[in-house]
Amino acid sequence: MLLLIMTFSINLEVSEEEIFRKLKQTRGTMVAPVFRLAVLLCLVMTVMIMVEKLAAGMVCLVVKLFGLKPERRYRWEPMISPDTPADLEIGALSYPTVLVQIPMYNEREVYRLSIGAACNLEWPADRMIIQVLDDSTDTVAKDLVETECQRWKSKGLNINYEFRDNRKGYKAGAMRDGLKLDYVKECDFVAIFDADFQPESDFLKRTVPFLIHNPEIALVQARWRFVNADENIMTRIQEMSLDYHFKIEQEAGSSAFGFFGFNGTCGVWRLSTIAEAGGWKDRTTVEDMDLAVRSGLAGWRFLYIGDIKVKCELPSTFKAYRYQQHRWACGPANLFKKMLTEIIANKKVSVWKKIYLIYHFFFVGKVVAHISTFIFYCVVIPLSVLIPEVEIPTWGVVYLPTAITLLKSVGTPSSFHLVIIWVLFENVMSLHRIKAAATGLLEAGRVNEWIVTRKLGDGINIKTTPAVEVLVMKDSEDLAEVQVSVPLLEHHKKPQIRSWQRFHGSELWMGVFLSMIGFYDVWYTKHGYFIFLFLQSSAFFITGFDYVGTYAPYSS
């Protein structure tokens with residue numbers, strides 16, 4: 001009996017060894033080759049991103065070193081003051097009529113600031129038409145916005161409140177319908193500001209002259225300045241990403257090719273260009289980029305001016321940020337699919353501009369960047385711990401990613417100490433961006449989802465009713481006199497939220513996946529990747545348990 005048990009034990013050990021030997025053999029002959037291909041593709045994509053960052057950085061460096069500001073590259077002359085006695089006859093006539101569009105949707109928190117900023121723009125009153133395009137489904141918000149418009153109208157401002165009882169086409173539909181109104185026919189240019197953007201009073205005087213004196217320019221785009229960047233770590237991280245986008249990407253596109261993606265706000269368009277390009281289209285959720293690409297293919301040039309900054313608000317809740325990033329990743333990928341053939345067939349622009357649009361602007365910037373970030377750093381590198389037959393070169397896993405990170409961090413040098421947190425959080429967000437980009441390319445599921453980014457304004461500290469707000473506004477004669485001593489929202493009762501409703505499953509699963517591989521690396525392979533794996537898994541867990549951003553219990 002004892003001999004039988006010993007024989008069984010020996011056979012069991014042999015069987016286990018045989019199983020592990022076969023598993024290792026299968027991993028080496030079947031899994032490893034596929035994984036090597038994945039590593040190769042990721043390294044190629046990383047090199048593509050590195051080259052793109054270097055090229056954009058070099059263009060911006062040349063612009064800075066040689067002082068190639070917009071005023072040197074294009075003609076610009078100050079507007080004649082209509083208030084000067086010597087210019088009374090020609091002063092106002094030298095000003096073109098400008099339409100100012102402010103699209104809104106349930107903007108209780110920020111409507112007043114944006115409308116007030118638009119009404120205080122320095123431009124002859126008879127040469128400026130303000131158009132508030134309201135798609136609100138919230139009747140209280142609608143009444144507040146309409147009352148504010150009437151208040152400014154009573155002061156002599158040419159402001160028009162335009163309400164739609166449907167959201168057909170979303171923002172693009174609202175602006176398209178707004179341009180069809182009769183009074184718009186007398187306008188030459190249109191300045192667009194989203195509801196949380198507050199331009200300085202000299203915005204039009206600094207931008208419109210470029211359009212007047214340079215007939216080849218269709219769009220003048222200003223930069224965003226974030227009023228709540230210091231609210232929390234998430235807003236600081238957003239500031240770092242967006243500062244790079246404006247300081248490097250937009251500047252490089254404007255200087256080298258006269259083209260970049262319109263940011264949808266704080267820009268001034270030539271109305272004839274919009275008409276020539278086919279107007280606003282709602283076929284994707286990035287109507288701004290759609291119009292920009294069509295206008296660029298028609299031969300028009302765009303100008304970015306980084307010295308003109310417009311105040312705005314960053315999404316400070318994680319839920320709002322996720323919705324925004326879904327739209328910003330899904331829309332461009334979907335537009336790329338829809339316009340690829342059109343770009344290739346176009347005969348009005350050079351081959352180099354087509355290559356720039358297809359390869360640099362869309363493929364690398366809107367597709368490869370999202371795929372590479374998630375697949376390489378959150379899947380391939382972790383899995384390499386489990387597949388020792390494949391080794392990722394040090395230059396690909398350390399040197400290139402570090403160089404790319406340093407190049408992107410130059411946009412916000414004051415936040416350089418947050419660069420590691422920034423990288424970890426960007427890797428977390430790449431999970432949502434890659435899903436969104438795939439949705440756009442495949443035109444699946446949420447491809448046309450449009451959820452307006454929630455602005456909190458002063459909403460977190462609100463305790464009185466909108467009715468009081470309306471009365472105070474009526475009593476104020478000037479924007480400077482308005483005291484923001486009353487809230488913009490009525491008091492909201494904190495809803496009962498079950499604990500599991502705050503969890504984000506995708507992030508939690510990724511946290512578990514990365515932490516398990518980290519422990520495996522510590523105990524068995526000892527690659528040294530566990531430091532990165534534990535840090536990255538912690539970032540996924542923190543996000544998964546909703547410990548990022550500002551907590552707004554009543555945010556929808």
Side-chain angles (χ1 to χ4, degrees), residues 99-108 110-111 114-115 118 129-139 141-142 145-146 149 159-185 187 189-197 218-219 261-295 298 320 323-324 326-339 342 436 439-440 443 445-455 556:
L99 175 70
V100 179
Q101 282 189 328
I102 310 175
M104 290 194 172
Y105 175 72
N106 295 341
E107 305 289 358
R108 293 194 192 188
V110 293
Y111 73 93
S114 58
I115 293 174
I129 302 174
I130 300 171
Q131 188 182 68
V132 177
L133 304 167
D134 193 6
D135 281 2
S136 294
T137 54
D138 181 342
T139 56
K142 174 187 176 299
V145 174
E146 187 172 11
C149 291
I159 181 169
N160 297 271
Y161 175 76
E162 306 294 348
F163 175 74
R164 298 196 309 168
D165 58 3
N166 65 81
R167 293 197 69 206
K168 184 178 180 182
Y170 300 113
K171 179 181 174 182
M175 292 190 295
R176 180 177 58 221
D177 291 350
L179 293 181
K180 293 178 181 178
L181 298 173
D182 289 338
Y183 60 80
V184 175
K185 294 177 182 178
C187 299
F189 309 111
V190 56
I192 301 169
F193 301 103
D194 280 352
D196 59 317
F197 282 75
L219 165 69
F262 175 44
N263 295 116
T265 181
C266 57
V268 186
W269 277 91
R270 191 182 299 274
L271 277 169
S272 59
T273 302
I274 297 178
E276 180 187 334
W280 293 102
K281 293 187 177 181
D282 55 12
R283 56 181 174 174
T284 70
T285 55
V286 283
E287 75 296 322
D288 43 14
M289 186 181 294
D290 190 343
L291 177 60
V293 174
R294 285 184 281 118
S295 301
Y323 284 137
Q324 182 200 69
H326 173 85
R327 190 171 74 248
W328 286 6
C330 178
N334 188 227
L335 182 64
F336 180 39
K337 178 181 179 181
K338 291 178 186 285
M339 294 204 69
E342 184 179 342
T439 299
E443 294 195 82
R446 298 167 56 195
V447 64
N448 291 318
E449 179 185 72
W450 182 289
I451 297 178
V452 175
T453 304
R454 177 70 184 274
K455 298 97 180 175
S556 56

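Keep in mind the model is a prediction, meaning the values are calculated, not measured. This chain uses plain numbering: 1 for the first residue, then up along the sequence.
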K337 to G440 - nearest heavy-atom pair and separation: CD-O, 4.5 Å
Side chain to side chain contact (heavy atoms under 4.5 Å, CB included) between N160 and L181, intermediate numbers included: CA-CA 11 Å; N160 297 271; L181 298 173; over 6 Å; no
Check: D196 and S114 side chains under 4.5 Å, non-hydrogen atoms: no
The single option from V268, I129, L271 passing side-chain contact (heavy atoms from CB on, under 4.5 Å) against V190: L271
Partners passing side-chain contact (heavy atoms from CB on, under 4.5 Å) against K142 (at least two apart in sequence or in another chain): D134, S136, E146, Y161, F163
Considering all heavy atoms, the nearest W280-A172 contact: CB-O, 3.7 Å
Worked verdict on V145 versus E107 for side chain to side chain contact (heavy atoms under 4.5 Å, CB included): CA-CA 8 Å; V145 174; E107 305 289 358; 5.5 Å; no
Value rounded to 0.5 Å, distance of CD1 in I115 from CD1 in I130: 9.0 Å
Under the side-chain contact (heavy atoms from CB on, under 4.5 Å) test, residues paired with S295 that sit two or more places apart: W269, T273, A277, L291, F302
Validation row: Y105, T137 side chains within 4.5 angstrom (heavy atoms): yes
Any side-chain heavy-atom pair of I192 and D288 under 4.5 Å: no
Expected output: side-chain T284 to main-chain L335 donor-acceptor under 3.5 Å: no
Non-hydrogen side-chain atoms of V184 and Q131 separated by less than 4.5 Å: yes
Between NZ on residue K171 and CG on residue D135, distance to nearest 0.5 Å: 11.5 Å
Q101 vs E162 side-chain heavy atoms within contact, under 4.5 Å: no
Counterpart residues, ring-ring contact (aromatic ring centres under 6.0 Å, His included), relative to Y170 (two or more places apart): W450
Distance in Å, W328 CH2 paired with N263 CG, rounded so as to fall on 0.5 Å steps: 8.0 Å
K168/D282 under salt bridge (Lys or Arg N to Asp or Glu O under 4.0 Å): CA gap, chis, key distance, verdict: CA-CA 9 Å; K168 184 178 180 182; D282 55 12; over 6 Å; no
Approximate separation, where rounding is to 0.5 Å, of K281 NZ and K338 NZ: 10.5 Å
F193 versus P103, closest heavy-atom pair with distance: O-CD, 3.4 Å
Inter-residue atom distance R270.CZ - E276.CD, 0.5 Å rounding: 10.5 Å
Carboxylate-amine/guanidinium proximity below 4.0 Å for E342 and R294: no
Side-chain touch V293/M289, heavy atoms, less than 4.5 angstrom: yes
Min side-chain heavy-atom separation T285-N334 under 4.5 Å: no
